[in-house]
Every structure is written in structure tokens, then in C-alpha cells.
**Student:** 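I'd like to ask you about the structure that follows.
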Amino acid sequence: MSEKQFKRTLVTSALPYANGPVHIGHLAGVYVPADIYVRYLRLQGKPVLFVGGSDEHGVPVTIRARKEGITTQQVVDRYHNLIKDSFEQFGISFDVYSRTTSAVHHKLASDFFRKLYDDGKFIQQTTEQFYDEETKEFLTDRNIRGECPHCHSQGAYGDQCEKCGRTLSPDELINPYNAVNGNPLTKRATTHWYLPLDQYQQWLEQWILEEHKEWRPNVYGQCKSWLDGGLRPRAVTRDLNWGIPVPVEGAEGKVLYVWFDAPIGYISNTKELCDAQPGKFGKWETWWKDESTRLIHFIGKDNIVFHCIVFPSMLKAEGSYILPDNVPSNEFLNLEGDKISTSRNWAVWLNEYLDDFPGKQDVLRYVLTANAPETKDNDFTWADFQARNNNELVAIYGNFVNRALVLTHKYFEGKVPAQGVLTDYDNATINEFRDIKLRLEQLLDQFRFRDAQKEAMNLARIGNKYLADTEPWKLAKTDMQRTATILNLALQIAANLSIAFEPFLPFSSEKLRNMLNLTNADWNRLGNTDLLAESATVNEPSLLFEKIDDSAIQAQLDRLARIKKENEAAAWQAPQVKAPTCIEEFDKTDIRVGTVLECTKVKKSDKLLQFKIDDGMGGRTILSGIAQSYPDPQELVGKQVLFIANFPPRKMMGIESQGMILSAVNADGKLVVTTVSKPVRNGVQVG
RNA sequence: CGCGGAGUAGAGCAGUGGUAGCUCGUCAGGCUCAUAACCUGAAGGUCGUUGGUUCGAUCCCAGCCUCCGCAACCA
């Protein structure tokens, strides 16, 4: 925590790239923690603004558009809308969610660049870069391929050879070509502007290494490593036709580098909101230029350098902006043991989740927070998702609420009974959660969302234990006054739960408040036992969470298994050609054609099929280990197949095989029997 | 050997220079108001590996191995 006194908080979450939907990795890394934090601050009544938006510039969207034969604008429109809708449904409570193709952003980013340009904050440099004469474009390192100068393998990338692992520069490649279309490349001079980060080195060292030692170890460590290595000027423009034009004479065909314009999007989106509703949100400058505003960036670990070094340097260069007070960055979330990948479709997509699990936003929010990668990469598994829902949300939280309400209806006609006289045990139980507000605040202020949520869940455990120990269903037979006290306290705990979980599980908290007839969550009363007035009515309980059964989980696992298989097939490459041979060698093998007369599974064998072949020479029996590729052997009957006729007989499972049927091994490992393209006479030779 | 983060019970994760913790799972018992839910107890770990500092290391230091990021459509 900073010592400074702040009057308001501006929270940003990394701008998702408008090149695909949002997945659980994005959510766990950035949007769920940011949303929890923002909801928490709002509950405390603190002024806060939560800013998000789509990042719509850069090369990948243009490549995607070309691949799909639509315009780049159509690509970003599609994904911006999809992402925006998903966030809304999922309850990510942005005050504004805009986009970097907005007019406001183009002007603001352009002005920002121009100010730095006019103030002489950039270095201008002309270099020779590879150019494709046909498509009239300069290429990024990664889109240039050629022969590796070290190991001479083909297809090395402009920045690295994957065969020998060496780092390269495009200039070293032999016969470089365009990775997208294979065109040969020439060199052309091009001019770009650079932000001289080295000039900010000393200032950054003081600002981060001395004044922000409280940043998370992964953030601090990464910054330190960059600073220790010495910063170098970084290009802020690119040769590209998609993006924000460089607002300088003679810079036609150049745009701002996506990493320069994207973080400015935080500012533009704030401006867009404030300009539209000045009465509600005030001036945008208050959020960005007033020292009493606390700026927090929520990001993933791959974004640390840009948010801690590059963007602050830009802001510092401009001169009138505040700097981030903290940059809580998470590590990565894996999916079922493999890293999440958009290109390999290895992800749980938010829009698909919302379709597959309607009304279960809070379940995913809970699981992603309970297993948030706050200190290291963590793993998301569907089994864990199901277990946390069934064993924690349903069994602990939902069940406790249900017990308290059912008992209240059973014994007190749905009215909150009188609290009466508290026993020592009651007071001991109350003491266990009296300071829950303080504990939650301490954890949330330190961005320890996983522990904070655990603290909230602990309250439900306290409630269950309280009911188990006091046994009101027994006392109801003898002592209604005591029963009243117990149920009053149980209901107060339920009311506390609705407040404690509000930042984490907003949908369920609202549902619970509706059951309890509470109008709003008052954070300041968290920990008290007078949230529900005596005689107030509570509604008939409905289930707060429902069990998720195995079939729903299995459907997700099946989907992932299918994707994995598709990926493996797509990654398949033809095996290396064997050592040279010659016609004489080949000629020794006698390959013939024969018709399958019978084809049956060999008993007690997993793999063997027994063939009866008409070989034009009186027939023969051949065994072939392809049963797992042909679950229905009958489909082969009547087909003409190729077989080797001069192998020595060989006994398998007690049956003699007189030859070998030729099969192709498919990419998925399945065997496919070879056949002829026109009918031929049985027994003819192949060669 | 580029740099940073990480490697802890069956699984997922906390944590600290002094007898190793949480949740789930497993096993046993209790309860029966409750969504076969709840409560109590137990078993289960040479804290990646090798060496060093220390009276004492899971923690500090050094080397090594593995995974991830910086770095390619990815938070």
C-alpha cells in the first residue's frame, strides 16, 4: 500500500486483442480480479472508474482479414462486439468498454504522438528493411523466412531458427522470402521514430526499484531485469496501412506501433465516457492528470514490461499525466495441463461457456478466483471446476443458506425470530467473524483475491458448524426460545455472506439478498449481527447453486479431446524418406492383387483380422493387425487389396498367415488398407 | 548457460531461518434440519536435484534439471 492519500481510483484492465473471443486465461489473469477489486471499492463507497476496451490495431487482425477474405474493419467489429457482449453477460462491470478504432482514440493518440514529436522526445532513424515489391509492404521479422546461416535448414524465421535454436536477425538469412506468400524480398530504406527509453533509465530505477518495492515479485523482478540489462530506444511507428497514421509530414504509409497506441486507449476510453456524461463522471483529466488519483493496471505477465516501463516512459515524456501506483500482474492459467492457445483452439471461450452453462457466471468466477495464478502458473481442469461447484459452492455455501431458510420457514413461518439471549457459544461463534470486514479489506487491498474469497467461504463454514453444534432441529421440540436465537444468528450469517461475497459472486449475492428481502449490500455493516430485523419476512428458499453433473463435464472433456486430436492431425508431417534402394532390391518383393472373400476378427486378439483372399492361385489366409482401424471387418469383403505374396508363412494366435496386406498409416495412426483404382484379375503382379 | 517467475501430501494451491499448512479427494465415526448435503477425527510429504552458509535450511547462497513468460494470432 502506498503512503499517499488518494481521493479516487482509476482501474484499467489489459485491452483484449480483437482477433478472437476472450477465454478463461484472460478472465483469470485480468478481468475477474480487476472486477472484484472495482466492485469492492464501489461497495466501500469510494470513487472509482473501471476502464476497458478492445485493442484493434496491429498486424494480426490484417492477416486474419486477408485469410478470411473480409475487411480488417469487419474482423475487429465482429470480435469487439462478441467480447463486449460476453463481458457484459459475465458481469465484468466496466464503466466504459470502447475500442481503439474510435474517433476519440485516433485523435487523442495522434495528438499524444504529435506532442512528443514537437517536444523533441523521439529519435528519428532511417534503416534498410525487407520489402515485398508485389504486396508493397515491409515485413516484420517473424514474417520473413529463409535458409539458416548456421545449420542451413530451410524455413528459419527472421528472428530465430527453430531447427538449431539460434537467435537471428533477418539480414543473416540466406534467400529471404515472405512467409505469407513466398515472394522474394528486396531491401528499402524506411524512417521510423523511436522512444529513447535509455534516457528514462535512471528515473525508472528510482521510481520502480526504490519507490515501488511493494509490487508483486514477478512484476518487480521483471522490471529489475530489464533495467539491469540497460534500456534501448524502442520504435513507436510501423510501416503498415492499418492503424493510426503517424501525424507527421512525409510519414505516409506509416502508423503508430500498436504498443504505442493501445495503452493510450485507456485514456481515450476514459475521455469518451467523461465527455458523454460529465455530470456523472467529471472531467477525464481529473482521472489522468490529478496527483490524487490512484492508477492501477491489471494485466497478465506478458504485459509487464509495457505497463511498467514503456507506457510510464511515454506518460513521463508527455509530462502532464500521473503514473500507475501498482500493476498487479498475474501469471498464466493452463487448461488441462497444456498452455492455453488461441491459434490451437486450446481454450475455454467465454462466449461458449455462457452458452453451455447459462446462469452460472458465478461458478466460473469462483473457480477462477479460487485457483487464480497469483504467484505462479496454475492449471484449470474441468474436474476441479465440477468439484469446486459441487463440494464448495453447493455443499458449503448454498447448503448453509438453504438450511437456515428451510428451518426458519419450518419453525417460524418465514419470519426472522427474536435474537434473545446469547450464550457463550453464540458469542464465540460471532467472534469468529466479527472482524471479517477487516480481514477482507487487508487481503483485497493487497490484491490477494484468492485468500480473500477463501475468507468469505470460511463464513459459510462457520455457519454450517454453528448449526451442527447447536442442533436447532432437536431443540425445536423442547426450547423454541433457544431455537429462535440460533436461527436468528444463522440468518444473520447468511445476510453477512451476501455482503462478503458481493465483489466475488455478484449474481448469487443479489439472489441471496432477494431471498432475505435485503435491498442492498452495506459493506460497512459486514460482521454485524443485526442485518435482519426481528419479524422481517424471508422468502421461500430457492437453490443458490445447483450441482453440475458428470455429463456436462464430460461434454467439455470430449470437446477438448476432439480439439487435441485435430491439432495432432494438423501438426502431422510426412516421415523422412528411407535410405536409397534400387529396382533390383524392390523387385525381390512380390506384390499381388487379391479379392477379400472373408474377413473376420481373430478370437482373443485385439488387433488381428483374418482374411481369406482369392489370389488367383487357389486362395490363401492372411492375418493383418488392423482390427482397431476396422471395427466392422465386413466392409472389407469384396475389396481388391494389395499383399506381399512371397513372405515366409508366420503363425500368429495359432493361425498361419501367408503374406502381408499392405496398409497406409494415416496421420491419426489409423491403418487404411490399400486397394486398386480399377478392377484387375486376381493374382496379377504390382510393380 | 540471455533475463524474469515457478517446482511443497493423490489433485489443486498457501507458507515460513526453529516439530510443514489450506481446499478437494481417500478412510473411520457422528448427525439427519439441509442440494446423499453438514460436523468430528485419521492416514498421506526425505517441501525438484546436488553442494554451501548456519547450532539448525522447505525458506538464504551457488550449480544442475523441468515448466512458463519476455518472443512469433496468447492474459
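Convention: sequence-line order gives letters A, B, ...; per-chain numbering from 1.
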**Student:** Can you tell me the Watson-Crick or wobble partner of B:rU53, both distances under 3.5 angstrom?
**Tutor:** none

**Student:** Say you pick atom P in B:rG21 and the same atom in B:rG15; how far apart are they, in whole Å?
**Tutor:** 15 Å

**Student:** Quantified in whole Å, what is the C1' atom distance between nucleotide B:rA71 and nucleotide B:rU54?
**Tutor:** 42 Å

**Student:** In the structure shown, which nucleotide is the Watson-Crick or G-U wobble counterpart of B:rG7, with both distances under 3.5 Å?
**Tutor:** B:rC65

**Student:** Nearest heavy atom decides the nucleotide; on that basis, is A:E331 or A:A370 closer to the 5' end of RNA chain B?
**Tutor:** A:E331

**Student:** Quick one about A:N326 and A:R216 (side-chain donor to acceptor, distance below 3.5 Å, no hydrogens or angles considered), yes or no?
**Tutor:** no

**Student:** Among A:F311, A:Y257, A:W259, exactly one meets ring pair (Phe, Tyr, Trp, His ring centres under 6.0 Å) together with A:F306. Which residue is that?
**Tutor:** A:W259

**Student:** Distance between the P atoms of B:rG2 and B:rG44, in whole angstroms?
**Tutor:** 43 Å

**Student:** Under 4.0 Å, heavy atoms only, any strand: does A:T342 hit a base, just the sugar-phosphate, or nothing?
**Tutor:** sugar-phosphate

**Student:** Using atom P of each nucleotide, how far apart are B:rU46 and B:rU58 to the nearest Å?
**Tutor:** 13 Å

**Student:** Check A:D479 with A:R482, please: is the shortest side-chain N to carboxylate O separation under 4.0 Å?
**Tutor:** no

**Student:** Determine the interatomic distance between C1' on B:rG4 and the same-named atom on B:rU26; round to the nearest Å.
**Tutor:** 39 Å

**Student:** Whole angstroms only, please: what is the CZ-C1' distance between A:F385 and B:rA11?
**Tutor:** 17 Å

**Student:** Between A:N371 and A:E392, who's closer to the 5' end of RNA chain B by nearest nucleotide?
**Tutor:** A:N371

**Student:** Between atom CD in A:E56 and atom P in B:rC73, what is the gap in whole Å?
**Tutor:** 18 Å

**Student:** In the structure shown, which nucleotide is the Watson-Crick or G-U wobble counterpart of B:rG41, with both distances under 3.5 Å?
**Tutor:** B:rC27

**Student:** Name the orientation class of the two ring planes belonging to A:F298 and A:F449 (parallel below 30°, tilted from 30 to 60°, perpendicular beyond 60°).
**Tutor:** tilted

**Student:** With a 4.0 Å cut-off on heavy atoms, is A:T375 in touch with a base, just the backbone sugar-phosphate, or nothing at all?
**Tutor:** sugar-phosphate

**Student:** Is there side-chain contact between A:N334 and A:N378, with at least one heavy-atom pair below 4.5 Å?
**Tutor:** no

**Student:** Check the side chains of A:Y466 and A:D426 for a donor-acceptor pair under 3.5 angstrom, ignoring hydrogens and angles.
**Tutor:** yes

**Student:** Could you check whether A:S508 and A:Y366, counting side-chain N and O atoms only, form a donor-acceptor pair closer than 3.5 Å?
**Tutor:** no

**Student:** Any strand counts, and the cut-off is 3.5 Å on both contacts for Watson-Crick or G-U wobble. Which nucleotide pairs with B:rG2?
**Tutor:** B:rC70

**Student:** Suppose we define a pair by two distances each less than 3.5 Å, Watson-Crick or G-U wobble; what does B:rU58 pair with here?
**Tutor:** none

**Student:** Measure from CZ on A:F332 to P on B:rA71 and round the result to the nearest Å.
**Tutor:** 11 Å

**Student:** Between B:rG18 and B:rC59, how many Å separate the two P atoms, rounded to a whole number?
**Tutor:** 11 Å

**Student:** For the pair made of CZ in A:R216 and C1' in B:rG69, what is the distance, rounded to whole Å?
**Tutor:** 15 Å

**Student:** Let me know the distance between CD1 of A:I299 and C1' of B:rC70, rounded to the nearest Å.
**Tutor:** 12 Å

**Student:** Would you measure the distance from the P atom in B:rC61 across to the matching atom in B:rC24 and give it in whole Å?
**Tutor:** 35 Å

**Student:** Give the B/S/- string for nucleotides 33-42 of chain B, one per nucleotide from 5' to 3', where a protein heavy atom under 4.0 Å of the base yields B, of only the sugar-phosphate yields S, and otherwise -.
**Tutor:** BBB-SSSS--

**Student:** Counting the atoms with a prime plus P, OP1 and OP2 as sugar-phosphate, which does A:L333 contact under 4.0 Å by heavy atoms, base, sugar-phosphate, or nothing?
**Tutor:** base

**Student:** Check this one for me: any side-chain N or O of A:N218 less than 4.0 Å away from OP1 or OP2 of B:rG4?
**Tutor:** no

**Student:** Can you tell me the distance, in whole Å, between the CZ atom of A:F380 and the P atom of B:rC68?
**Tutor:** 20 Å

**Student:** Taking CG from A:N334 and C1' from B:rG7, how many angstroms apart are they, rounded to a whole number?
**Tutor:** 13 Å

**Student:** Describe the nucleic acid contact of A:G20 in one word from base, sugar-phosphate, nothing, applying a heavy-atom distance below 4.0 Å.
**Tutor:** nothing

**Student:** Evaluate A:F50 against A:F94 for ring-ring contact (aromatic ring centres under 6.0 Å, His included), listing each step before the verdict.
**Tutor:** CA-CA 5 Å; A:F50 186 16; A:F94 290 115; 4.5 Å; yes

**Student:** Under 4.0 Å: is that the gap between some side-chain N or O of A:K474 and OP1 or OP2 of B:rU32?
**Tutor:** yes

**Student:** Give me the ring orientation class for A:F385 and A:Y353: parallel if the planes are under 30° apart, tilted from 30 to 60°, perpendicular past 60°.
**Tutor:** perpendicular

**Student:** What about A:D377, does its side chain sit under 3.5 Å from the base of B:rC68 through a donor-acceptor pair?
**Tutor:** no

**Student:** Output the single nucleotide from B:rC73, B:rC13, B:rC68 whose closest atom is nearest the side chain of A:K301.
**Tutor:** B:rC68

**Student:** Using atom CD of A:E374 as one end and atom P of B:rA6 as the other, report the distance to the nearest whole Å.
**Tutor:** 14 Å

**Student:** Measure from the side-chain heavy atoms of A:R388 and tell me the nearest of B:rC13, B:rU23, B:rG69.
**Tutor:** B:rU23

**Student:** Measuring only the C1' atom in each nucleotide, how far is B:rU19 from B:rC70? A whole number of Å is fine.
**Tutor:** 42 Å

**Student:** Does B:rU32 have a Watson-Crick or wobble mate here (both distances under 3.5 Å), and if so which one?
**Tutor:** none

**Student:** Would you mind classifying the nucleic acid contact of A:R64 as base, sugar-phosphate or nothing, using non-hydrogen atoms under 4.0 angstrom?
**Tutor:** base

**Student:** Using distance alone, with no hydrogens and no angle criterion, decide if A:E432 and A:N458 have a side-chain donor and acceptor under 3.5 Å apart.
**Tutor:** no

